[in-house]
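The sequence lines fix the lettering, A, B, ..., with proteins before strands; numbering per chain opens at 1. Because the structure is a prediction, the values reported are computed rather than measured.
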2 protein chains.
Amino acid sequence: MANVAKYDRADVITRAMMLFWEKGFNGTSTRDLQHAVDMRPGSIYSAFGSKEGLFKEALRCYSSAMSALLQEKIQQQGTPLSGLQEFIHCVVIDNRKSAPSEMCMLVKTVAEITDSNPALLRESQALLKKAELGFARLLEQAQAQGELPASADPKALAKYMQVQMIGLRTYLRTSNDEPAVEKLIEDTFQMLKAA
Amino acid sequence: MANVAKYDRADVITRAMMLFWEKGFNGTSTRDLQHAVDMRPGSIYSAFGSKEGLFKEALRCYSSAMSALLQEKIQQQGTPLSGLQEFIHCVVIDNRKSAPSEMCMLVKTVAEITDSNPALLRESQALLKKAELGFARLLEQAQAQGELPASADPKALAKYMQVQMIGLRTYLRTSNDEPAVEKLIEDTFQMLKAA
DNA sequence: TTTTAACTTGAACAACTGCTCAAAATCAAC
DNA sequence: GTTGATTTTGAGCAGTTGTTCAAGTTAAAA
């Protein structure tokens, strides 16, 4: 054998994710990345193949960080639905200014990337689909526990939740109207429980 | 006096708008633009000052085209609320594949541009705010005509409509699930009329 | 201690970026 | 037809882009 890598791969991906999340794929130059992860071009390219390869890893990193946050909130709150509500409030309101961008990184990517880069587009779409499936499973559990009425359709409600999350986060970015968005989050869950 | 401009300014802005709408601000190079509008760099820069200047005009062009489409649909349908519903269906579903992007150009811009370019960010935010005010005025009319219950709050519903439009258009881009989105549009208006 | 495979480095490349400007072309006014 | 303000042209600039690769460094194995 021989020399061993000096960098922490997960840490490098996290740092790259933060930059990409803030500036987008086109807005982030490889020089920016080199500085952010403190690696020279040769090392980055031997580890990730291309800017696109690193971006793909960053998308997955973002996705699993969000997923972990959701699980954390469910545990804290004790029930699936209140955990989901706390998660959404946390992502949309609490982390608004501390996160690299107030918008969802997957949505930003789907908005920025054209069909001329199918690899990145499909990766983002697949991760968003995965998130929707996670919501659906969660809503099923809520239903089983009586947190949602038996008449509710978890799959349809999961789609609805995705639309609301995407819409609310983006609307907040455009309007800066935090109280209104906070109220709309509450309305959404009111609606959910009455479905 | 002397020579007179050979290009049609409105036409040039429209062509630039189509390109910017498709590829975004960072994704569109000035060479792309030169080709799309069939003008040489000198002419473009003397007419618009900078890439940013042309983009700003493109944003306004997009905004007023959307506004005109809404008015058209209201006239066709006869009432404000049914006109609004037809407008949303048209923008989200019917024009999905024929438009340069299935997403809203203002939303794409707000997602792409960071706070390091305040001019473009504020322009998009202002145009989205203007659209919301237009929705609010429309909903007031609908209320006056009895299309909406007297208990409805037009300003709050206008915010809600913005969130739904943004969410639905973006969700369709990520999921490709046209039937689901079509149903969600109907649900939204059902909800509106019951507000 | 030597070997050797893996990793790191950073100069360099060709292509592309937004933009400028001197020269040429244009056309209303005289 | 000449004038002269205005517009068009496109070569080109200085900086940035994503990426490569030969040379140097490292440390486990022999």
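At a threshold of 4.0 angstrom between heavy atoms, the contacts of Ser29(A) are confined to the sugar-phosphate backbone, with no base atom among them. Using a 4.0 Å heavy-atom cutoff across all strands shown, Glu52(B) reaches no nucleic acid atom at all. Across all strands, Tyr7(A) comes closer than 4.0 Å only to sugar-phosphate atoms, never to a base (heavy-atom distances).
For dT19(D), the base has a donor-acceptor partner in the side chain of Arg31(A) [N/O atoms by modelled type, under 3.5 angstrom].
Rounding to whole angstrom units, CG of residue Asp32(A) and P of dT16(D) are separated by 11 Å. Per the geometry, OH belonging to Tyr45(B) stands 19 Å off P belonging to dT7(D), to the nearest Å. Ile44(B) has its CD1 atom 13 Å from the P atom of dT20(C), to the nearest Å. Straight-line distance from the CZ atom of Phe48(B) to the P atom of dT20(C): 16 Å, rounded to whole Å. Between the CG atom of Asn117(A) and the C1' atom of dG18(D) there is a distance of 14 Å, rounded to whole Å. Protein atom CG of Leu33(B) is 14 Å distant from nucleotide atom C1' of dC16(C), rounded to whole Å. For the pair Lys51(B) NZ and dT16(D) C1', the interatomic distance rounds to 13 Å; values are reported in whole Å. Taking atom CG on Asp8(A) and atom C1' on dC7(C), their separation rounds to 16 Å, with Å as the unit.
Residue pairs meeting the side chain to side chain donor-acceptor pair (under 3.5 Å) criterion with at least one member in residues 179-195 of chain B, sequence neighbours excluded, are His89(B)-Glu182(B), Lys183(B)-Asp187(B).
The residue among Lys6(B) and Ser50(B) whose nearest nucleotide of DNA chain C is located toward the 5' end is Ser50(B). For Thr30(A) and Gly42(B), each mapped to the nucleotide of DNA chain D holding its nearest heavy atom, the one lying further toward the 5' end belongs to Gly42(B).
Atom CD of Glu140(B) sits about 9.5 Å away from atom CG of Asp153(B), to the nearest 0.5 Å. How far OG of Ser175(A) is from CD of Gln125(B): 8.5 Å, rounded to the nearest 0.5 Å.
Comparing dT9(D), dT26(C), dG18(C) by their nearest atom to the side chain of Arg40(B) picks out dT9(D).
For the side-chain contact (heavy atoms from CB on, under 4.5 Å) test, residues two or more places apart in sequence or in another chain that qualify with Ala142(B) are Pro80(B), Leu81(B), Glu147(B), Leu148(B).
Between Tyr62(B) and Trp21(B), the ring-plane angle classifies as perpendicular under the 30° and 60° cut-offs.
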